Novice: 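Take this structure first; my questions come after.
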Amino acid sequence: MVEILTTTHGARRPLPAIGSPWRPSSPALEVDSALDGVRRAPSILHAMRATSAVLAETDALLARSVPAGRLLPPLLEALSDADDSVAAIAAVHALGHMPGPRAETELAGLVEAGPPGFDAHAIWSMSDRRPSPALVRPLVAAIAEGGLAGMHAQRLLARWAMATPETVIDELQHSLSHTHAECGRRHLVETMGLIRGPRASRLLKHVAMDPGEPTSVRRTAISAFGDRPDDRLPATIAALARGSGELATAVAEMQADQARRRRGPRRHEGGGMRVAQI
């Protein structure tokens, strides 16, 4: 019977086995050997550190033009190991480095219906990946859900939108038409505000002026213009400042943000160091 070690965060791994030194003879075995380093680690902390070797081995083999299909089997096997979630997470991060539609399908499945917590790791693993239309939809869905996975997804899509804005905007707009939860709509609108260009600005204006939207969602759309100092503020939004209530306050705060951004960063006259937590 294999004894399972656990942590308060639910990471699982069997007791480490004694491994014999040997040199793998194929790319798949080289990846599996690196994963064995995670499996044999004496503690979860050591296993997490050994994950870097899995990523380095994967990147080195890809750099040698080894087809991704030859490296996938040991990663997929590790993903299906319910007894060692640390090795599975190492495989997730290696999978994020893999090119090709098979890897994208596996990553999308982890984001949409993977084990708890694997969605955030899958999205994190894509941080250096090129824009992929096949992954935009699950990433937008993660944003609507919020949480850690949503934060990673928003950061990634904001970067992808610099290269393929229309693809990202299309999916955000589609998701807005099907998302009814106020919190989810707020996250989607906030993400729209990170995308530059006239189309995103028009959509933000539409949300800001829609009386059918919850006030918090309209405030989010208004606030987004504070990060767009080069965009001309729509007169209809500026006119809201003449009223009262939350929307008028949001417009005033947004205009102050725009003014500060146009002036540029202020010189810090005080001594010591300032720390900002993102």
Side-chain angles (χ1 to χ4, degrees), residues 111 123 126 129-147 149-265 278:
V111 174
I123 298 169
M126 302 179 210
R129 206 173 182 87
R130 292 182 178 179
S132 167
L135 290 172
V136 169
R137 176 160 292 186
L139 289 172
V140 168
I143 289 172
E145 288 294 321
M151 181 189 73
H152 285 307
Q154 186 183 77
R155 176 179 176 273
L156 180 58
L157 280 186
R159 184 169 65 80
W160 282 4
M162 290 189 286
T164 58
E166 295 302 314
T167 300
V168 178
I169 291 174
D170 284 345
E171 193 54 48
L172 286 170
Q173 193 171 12
H174 173 80
S175 187
L176 272 171
S177 67
H178 293 82
T179 301
H180 305 291
E182 180 176 340
C183 186
R185 295 186 68 78
R186 191 170 68 246
H187 293 152
L188 293 169
V189 171
E190 182 182 69
T191 307
M192 187 76 73
L194 301 175
I195 303 174
R196 297 293 177 257
R199 184 183 172 194
S201 294
R202 288 194 299 271
L203 290 169
L204 290 169
K205 174 188 173 183
H206 174 77
V207 173
M209 298 305 300
D210 185 353
E213 286 283 2
T215 300
S216 69
V217 178
R218 296 180 68 184
R219 282 191 61 133
T220 299
I222 292 169
S223 297
F225 282 95
D227 293 325
R228 310 166 87 85
D230 297 330
D231 283 9
R232 184 173 181 178
L233 184 66
T236 50
I237 294 180
L240 293 173
R242 296 195 290 268
S244 59
E246 292 185 43
L247 296 181
T249 301
V251 174
E253 292 173 347
M254 175 268 297
Q255 289 174 323
D257 285 342
Q258 279 194 332
R260 281 193 292 269
R261 289 182 179 275
R262 291 191 183 107
R263 287 197 301 267
I278 305 302

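None of these values were measured; they are calculated from a predicted model.
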Novice: Using a 6.0 Å cut-off, check whether atom CZ of R155 has over 12 heavy atoms from anything other than its own residue.
Specialist: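 Counting other residues, nucleotides and ligands, CZ of R155 stays at 12 neighbours or fewer.
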
Novice: Testing the basics here: between Q255 and A238, what is the closest heavy-atom pair and its distance to 0.1 Å?
Specialist: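 Nearest heavy atoms, Q255 then A238: NE2-CB, 4.2 Å.
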
Novice: Return the minimal non-hydrogen interatomic distance between T179 and A144, and the atom names on each side.
Specialist: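 Residues T179 and A144, closest heavy atoms: OG1-CB, 4.4 Å.
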
Novice: With a 4.5 Å limit on heavy-atom distance, are the side chains of L157 and L194 in contact?
Specialist: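 A side-chain contact under 4.5 Å is absent here.
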
Novice: One thing to verify: whether R199 and E166 come together as a salt bridge, which I'm taking to mean a side-chain N less than 4.0 angstrom from a carboxylate O.
Specialist: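 Yes, charged N to carboxylate O under 4.0 Å.
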
Novice: Name all residues meeting the side-chain hydrogen bond (donor to acceptor under 3.5 Å, both in side chains) criterion together with T191; count only those two or more places apart in sequence or in a different chain, and write none if there are none.
Specialist: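 If we apply the side-chain hydrogen bond (donor to acceptor under 3.5 Å, both in side chains) test to T191, skipping adjacent residues, the hits are Q154.
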
Novice: For E145, does the CD atom sit with more than 12 other heavy atoms under 6.0 Å from it, leaving out its own atoms?
Specialist: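 Atom CD in E145 is not crowded, with 12 or fewer foreign heavy atoms closer than 6.0 Å.
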
Novice: I would like to know whether V111 and M126 meet side-chain contact (heavy atoms from CB on, under 4.5 Å); could you show each step before the answer?
Specialist: CA-CA 11 Å; V111 174; M126 302 179 210; 3.8 Å; yes

Novice: Say you draw a straight line from NZ of K205 to OG1 of T236; how long is it, rounded to the nearest 0.5 Å?
Specialist: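 Answer for the NZ-OG1 pair, K205 versus T236, is 4.5 Å.
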
Novice: Kindly indicate whether the side chain of H152, heavy atoms from C-beta on, has any atom under 4.5 Å from the side chain of L139.
Specialist: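 No; the side chains remain at least 4.5 Å from each other.
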
Novice: Between S175 (side chain) and L172 (backbone), is there a donor-acceptor pair under 3.5 Å?
Specialist: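 Such a contact is absent between S175 side chain and L172 backbone.
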
Novice: Quick one: do S216 and E182 satisfy side-chain hydrogen bond (donor to acceptor under 3.5 Å, both in side chains)? Show the steps, please.
Specialist: CA-CA 8 Å; S216 69; E182 180 176 340; 2.4 Å; yes

Novice: When you measure from the side chain of Q258 to the backbone N and O of F225, does any donor-acceptor pair fall under 3.5 Å?
Specialist: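 Present.
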
Novice: Measure across V207 and R218 and return the closest heavy-atom pair with its distance rounded to 0.1 Å.
Specialist: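 Taking V207 first and R218 second, the nearest heavy atoms are O-CG, 3.5 Å.
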
Novice: If we only count heavy atoms from C-beta on, is the E253 to R219 side-chain gap below 4.5 Å?
Specialist: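 Yes, side chains in contact.
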
Novice: What heavy-atom pair brings A153 and A142 nearest, and what distance separates the two atoms?
Specialist: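 A153 and A142 have their closest heavy atoms at CB-CB, 4.1 Å.
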
Novice: For S201, run the side-chain hydrogen bond (donor to acceptor under 3.5 Å, both in side chains) check against R228, R196, H206 and tell me which one passes.
Specialist: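 Of R228, R196, H206, side-chain hydrogen bond (donor to acceptor under 3.5 Å, both in side chains) with S201 is met by R228 alone.
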
Novice: With side chains defined as the heavy atoms from C-beta onward, is the minimum distance between W160 and L135 less than 4.5 Å?
Specialist: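 In contact.
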
Novice: Kindly give the heavy-atom pair with the smallest separation between V251 and I237, and that separation in Å.
Specialist: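 Closest approach of V251 to I237, heavy atoms only: CG2-O, 3.5 Å.
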
Novice: Between atom OG1 of T220 and atom CZ of R186, what is the distance when rounded to the nearest 0.5 Å?
Specialist: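 CZ of R186 is found 6.0 Å from OG1 of T220.
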
Novice: Any carboxylate oxygen within less than 4.0 angstrom of a Lys/Arg side-chain nitrogen, looking at R185 and E190?
Specialist: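 Answer for the salt bridge query: no.
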
Novice: When rounded to the nearest 0.5 angstrom, what distance separates CG in D170 from CZ in R137?
Specialist: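 It is 10.0 Å, given to the nearest 0.5 Å.
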
Novice: Using every non-hydrogen atom in the two residues, find where H174 and H178 come nearest and quote the distance to one decimal.
Specialist: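 For H174 and H178, the tightest heavy-atom pair comes out as O-ND1, 2.9 Å.
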
Novice: Can a donor-acceptor pair be found, under 3.5 Å and without considering hydrogens, that links the side chain of R129 to the backbone of L156?
Specialist: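 A pair under 3.5 Å: no.
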
Novice: Quick check: do D227 and D257 have side-chain heavy atoms less than 4.5 Å from each other?
Specialist: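 Counting from C-beta outward, D227 and D257 never come under 4.5 Å.
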
